[in-house]
Peer 1: 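Before we start, here is the structure in question, set down as structure tokens.
Please read these numbers as outputs of a predicted model, since none were measured by experiment. Proteins come first, then strands; the chains are lettered A, B, ... in the order of their sequence lines, and each starts at number 1.
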Amino acid sequence: MDTGENKKNDFIREIIREDLKTEKYGKKVHTRFPPEPNGYLHIGHAKSICLNFSIAEEFGGRCNLRFDDTNPEKEEEEYVNSIKEDIKWLGFDWEDREYYASDYFEQLYDFAVVLIKKGKAFVCDLTAEEISEYRGTLTAPGKESPYRNRTAEENLRLFAEMREGKYPNGAKVLRAKIDMVSPNLNMRDPVIYRILHSSHHRTGNKWCIYPTYDWAHGQSDSIEGITHSICTLEFEVHRPLYDWFIEQLGIHHPRQIEFARLNLTYTVMSKRRLLELVEEKHVSGWDDPRMPTISGMRRRGYPSEAIRNFCSRIGVAKTESTADMALLEHFVRDILNKSASRVMGVMRPLKVVIDNYPEGKTEELSAVNNPEDPSAGTRKILFSKVIYIEKDDFMEEPPKKFYRLAPGREVRLRYAYFIKCISAAKDSEGRVTELHCTYDPATKGGDAPDGRKVKATLHWVSATHCITAEARLYNSLFVKENPLDIPEGGNFKETLNPESLETLPECRVEPSLTGAKSGTVYQFERLGYFCVDADASDKKLVFNRTVTLKDDWAKIKNSGGLK
RNA sequence: UGCCCGGUAGUGUAACGGUAACACACCGGCCUUUGGAGCCGAUGUUCGAGGUUCAAAUCCUCGCCGGGCAACCA
């Protein structure tokens, strides 16, 4: 990769270019993506993944995957597997650089010993509550722990005993000795080791003391030779602490750069809240297609390329911001429009009998698979006397801008014929149950030789040939643009959208979909993109609506712009 | 009441002392065998007040507004 001609010009790349110019780290760029394996990755992580891997690629460097697994109580192997799968699916490759903070536990321990020997760390017997009290507040200075001046020898002995398991959880901690009156609370003698008699997903029971994130993170970056440690804004106030550790230890000093995390309209983006939705069964799991997780989006049918394009387009800055879900959907449509095969399927079937069409006759018609991609070819579709059309495509008393079928009106059936509506049969409650139409044999294929026009083209399926499928229509998970914008004492779950999932079990789709493979995305013409769900079987097809097509009629209808 | 970081169309980003721009959204039109796609066009932007300068979104000062920081979480 050419390091001199990157078109992207955000503040992070600018800093890196400057460092390259001054050869702060020689000619090297090395980044990393450091997730904690305590939940599934979401679109916010995708932003960070794209950033770190793309930057490495653009500057001819490398990007590591490192699991920040310093808290055995929250971390699980299930999560590391899902994280790896998601990154791969997104299209990035860490090659053989799969690391774990837990790989460095021994080194981190030795670093702590160095600090103790320098008189820069001490074992403290204060309880968690006491430490908190001693820390002071945002406006009041802290005060020093009574254990702060233990000798290095005593600290060394105590720390070793902590490791040996001589003390119960919470009895002692190791703290850095910095400055209890610092205006930056992170510098007020932070805890760097705690006792946790807890089994770790990788080190098992080898350890009963674990480094805190603050102690592990910067040094892990240093050990890996990371040049640019890109992280989110909330770690900005930790930077002086990381710098202090690195300087005390005299080891390689990566440059930390903070950027604003991604927020998206109509969803939440914290692992804690997403976990809550999963555990309380508001969604079917981490990969529920309504979730902003990578696995949810994958299951929903979002192409990874769309996510990458989205992450690229939103850019990176230090301003807290909320990206528009509509932008993400734009990129999803953009990719799918070019790649998805078109098929016909009816969500809410309305039976139509073509009175003047011969009983028992079946015709083969030719349909284009993808007008955006001629190489996708054509396929045969079947037409017969009884068909289904979309309920929404007929109105007995059409308003002014409704172009579709209505009594006496003629429309085109895509790739088939013009049909004209003669009558509508109704049930006892006045609901339309069946339409009777006539067709014009001269319009076969969809063109009228006499040049007459119709205002609408409808999708349809042949009643005798179609197959039944289930469709799951998704709407936003929350009704509020910002689900967290709630009155005092409220809970974000109160803004959950009761209509986020609508299941339609009786859809009729064209027979070419028989045996459609899980994960494949189709465009159901005029409706949207639909992805075959993992729940689909040979017996039953299940589709997730990935995203609707843009729909001018829906806009007119919803804005009340009728008549 | 402390410290740190931010504030550019509705949203997200660009402009690096020299004509405020791009994408999405929105609105209008063209085209159309998907009310899709595509094409064309319109509206609309520098938080405020001072200062420096021939010239400020950009530099300085003071406000205002928003966010973060007081886990043995990350």
Peer 1: To the nearest Å, how far apart are R175(A) CZ and A70(B) C1'?
Peer 2: 13 Å

Peer 1: From the list G35(B), A74(B), C27(B), which nucleotide is the closest neighbour of the side chain of D552(A)?
Peer 2: G35(B)

Peer 1: Could you tell me how far G36(B) sits from U43(B) if I compare only their C1' atoms? Round to whole Å.
Peer 2: 26 Å

Peer 1: Rounding to the closest angstrom, what is the interatomic distance between G10(B) and G2(B) at atom P?
Peer 2: 33 Å

Peer 1: Whole angstrom is fine here: how far is it from CG in D324(A) over to P in G12(B)?
Peer 2: 9 Å

Peer 1: Would you say a side-chain N or O of T137(A) is under 4.0 Å from OP1 or OP2 of G2(B)?
Peer 2: no

Peer 1: Does R202(A) pair with E75(A) as a salt bridge, N-O distance under 4.0 Å?
Peer 2: no

Peer 1: Whole Å only: how far is the CD atom of E320(A) from the C1' atom of U11(B)?
Peer 2: 15 Å

Peer 1: When you compare U32(B) with A15(B), how far apart are their C1' atoms, in angstrom units rounded to a whole number?
Peer 2: 38 Å

Peer 1: How many Å lie between CZ on R333(A) and P on U34(B), as a whole number?
Peer 2: 18 Å

Peer 1: What is the distance, rounded to the nearest whole Å, between atom CG of N186(A) and atom C1' of A70(B)?
Peer 2: 9 Å

Peer 1: CD of E258(A) versus P of C4(B): gap in Å, rounded?
Peer 2: 14 Å

Peer 1: So what's G66(B) paired with, Watson-Crick or G-U wobble, going by both distances under 3.5 Å?
Peer 2: C5(B)

Peer 1: Hey, would you say the F111(A) and F245(A) ring centroids sit under 6.0 Å apart?
Peer 2: no

Peer 1: Which nucleotide in the list A74(B), C24(B), C4(B) gets nearest to the side chain of E236(A)?
Peer 2: C4(B)

Peer 1: Under 4.0 Å between a side-chain N or O of K550(A) and OP1 or OP2 of A25(B)?
Peer 2: yes

Peer 1: Verify the contact: side-chain N or O of K172(A) to OP1 or OP2 of C72(B), cut-off strictly under 4.0 Å; return yes or no.
Peer 2: no

Peer 1: Whether S182(A) contacts C3(B) is assessed here as follows: a side-chain N or O lying under 4.0 Å from the phosphate OP1 or OP2. Is that the case?
Peer 2: no

Peer 1: Nearest to the K401(A) side chain among U13(B), A23(B), G35(B), which nucleotide is it?
Peer 2: G35(B)

Peer 1: Counting side-chain heavy atoms from C-beta on, which of G35(B), A74(B), A71(B) comes nearest to S132(A)?
Peer 2: A71(B)

Peer 1: Quick check: W553(A) with Y403(A) (ring centres under 6.0 Å apart)?
Peer 2: no

Peer 1: K47(A) or G136(A): which one's nearest nucleotide on RNA chain B is closer to the 5' end?
Peer 2: K47(A)

Peer 1: Roughly how far apart, to the nearest Å, are C39(B) and G51(B) at atom P?
Peer 2: 48 Å

Peer 1: Would one find a side-chain N or O of R135(A) under 4.0 angstrom from OP1 or OP2 of A71(B)?
Peer 2: yes

Peer 1: Look at the side chain of E14(A) and the base of C16(B), then say whether one donor and one acceptor between them are separated by less than 3.5 Å.
Peer 2: yes

Peer 1: With rounding to whole Å, what would you report as the distance between U53(B) and A21(B) at their P atoms?
Peer 2: 28 Å

Peer 1: Side chain of W553(A): nearest nucleotide among G35(B), C72(B), A74(B)?
Peer 2: G35(B)

Peer 1: Round to a whole Å and report the spacing from CG of L527(A) to C1' of G35(B).
Peer 2: 12 Å

Peer 1: Write down the partner of A23(B) under the Watson-Crick or G-U wobble criteria, each distance required to be under 3.5 Å.
Peer 2: U11(B)

Peer 1: Can we call the ring centroids of Y522(A) and F530(A) under 6.0 Å apart?
Peer 2: no

Peer 1: Indicate whether OP1 or OP2 belonging to U34(B) is found under 4.0 Å from a side-chain N or O atom of N337(A).
Peer 2: no

Peer 1: For the side chain of E372(A) and the base of G36(B), is some donor closer than 3.5 Å to an acceptor across the two?
Peer 2: yes

Peer 1: Can you tell which of G35(B), A14(B), C72(B) lies closest to the side chain of V191(A)?
Peer 2: C72(B)

Peer 1: Within less than 4.0 Å of OP1 or OP2 of U13(B), is there a side-chain N or O belonging to R313(A)?
Peer 2: no

Peer 1: Hey, are the side chains of D214(A) and H238(A) touching, using non-hydrogen atoms and a 4.5 Å cut-off?
Peer 2: yes

Peer 1: Between Y193(A) and F159(A), does the ring centroid distance fall short of 6.0 Å?
Peer 2: yes

Peer 1: Which nucleotide in the set U34(B), C5(B), A14(B) lies at the smallest distance from any side-chain heavy atom of E525(A)?
Peer 2: U34(B)

Peer 1: I want to verify a distance call: between G35(B), A15(B), A14(B), whose nearest atom is closest to the N9(A) side chain?
Peer 2: A15(B)

Peer 1: Taking for each residue the nucleotide of RNA chain B with the nearest heavy atom, is it G315(A) or Y193(A) whose nucleotide lies nearer the 5' end?
Peer 2: G315(A)

Peer 1: Go through it in stages, so that I can follow the logic: the residues are R13(A) and E58(A), the test is side-chain contact (heavy atoms from CB on, under 4.5 Å), and I'd like the CA-CA distance, side-chain angles, deciding distance and then a yes or no.
Peer 2: CA-CA 10 Å; R13(A) 277 172 248 246; E58(A) 286 167 31; 2.5 Å; yes

Peer 1: Verify the contact: side-chain N or O of T319(A) to OP1 or OP2 of G12(B), cut-off strictly under 4.0 Å; return yes or no.
Peer 2: no

Peer 1: Quick check on A55(B): syn or anti? Syn means the glycosidic torsion is within 90 degrees of zero.
Peer 2: anti

Peer 1: Pick the C1' atom in U1(B) and in U58(B), then give their distance to the nearest Å.
Peer 2: 33 Å

Peer 1: Base, sugar-phosphate, or nothing: which does L241(A) touch, judged by heavy atoms less than 4.0 Å apart?
Peer 2: nothing

Peer 1: Centre-to-centre under 6.0 Å for F235(A) and Y242(A), is that the case here?
Peer 2: no

Peer 1: The side chain of P183(A) is closest to which nucleotide in this list: A74(B), C3(B), G35(B)?
Peer 2: C3(B)

Peer 1: Mind checking the C1' distance from C47(B) to A9(B)? Whole angstroms is fine.
Peer 2: 14 Å

Peer 1: What integer number of Å spans the P atoms of A57(B) and U8(B)?
Peer 2: 14 Å

Peer 1: Is C39(B) paired to anything, Watson-Crick or G-U wobble with both distances less than 3.5 Å, and if yes, which nucleotide?
Peer 2: G29(B)

Peer 1: Quick one: which of A74(B), G35(B), C5(B) gets closest to the side chain of K318(A)?
Peer 2: C5(B)

Peer 1: Does any nucleotide pair with C59(B) by Watson-Crick or G-U wobble geometry, both distances under 3.5 Å, and what is it?
Peer 2: G51(B)

Peer 1: Round to the nearest Å and state the distance from M180(A) atom CE to A70(B) atom C1'.
Peer 2: 11 Å

Peer 1: Sub-3.5 Å donor-acceptor pair from the side chain of N64(A) to the main-chain atoms of R66(A), do we have one?
Peer 2: no

Peer 1: Any strand is fair game: report the nucleotide pairing with G17(B) by Watson-Crick or G-U wobble, both distances under 3.5 Å, or none.
Peer 2: none

Peer 1: Within less than 4.0 Å of OP1 or OP2 of C73(B), is there a side-chain N or O belonging to R194(A)?
Peer 2: yes

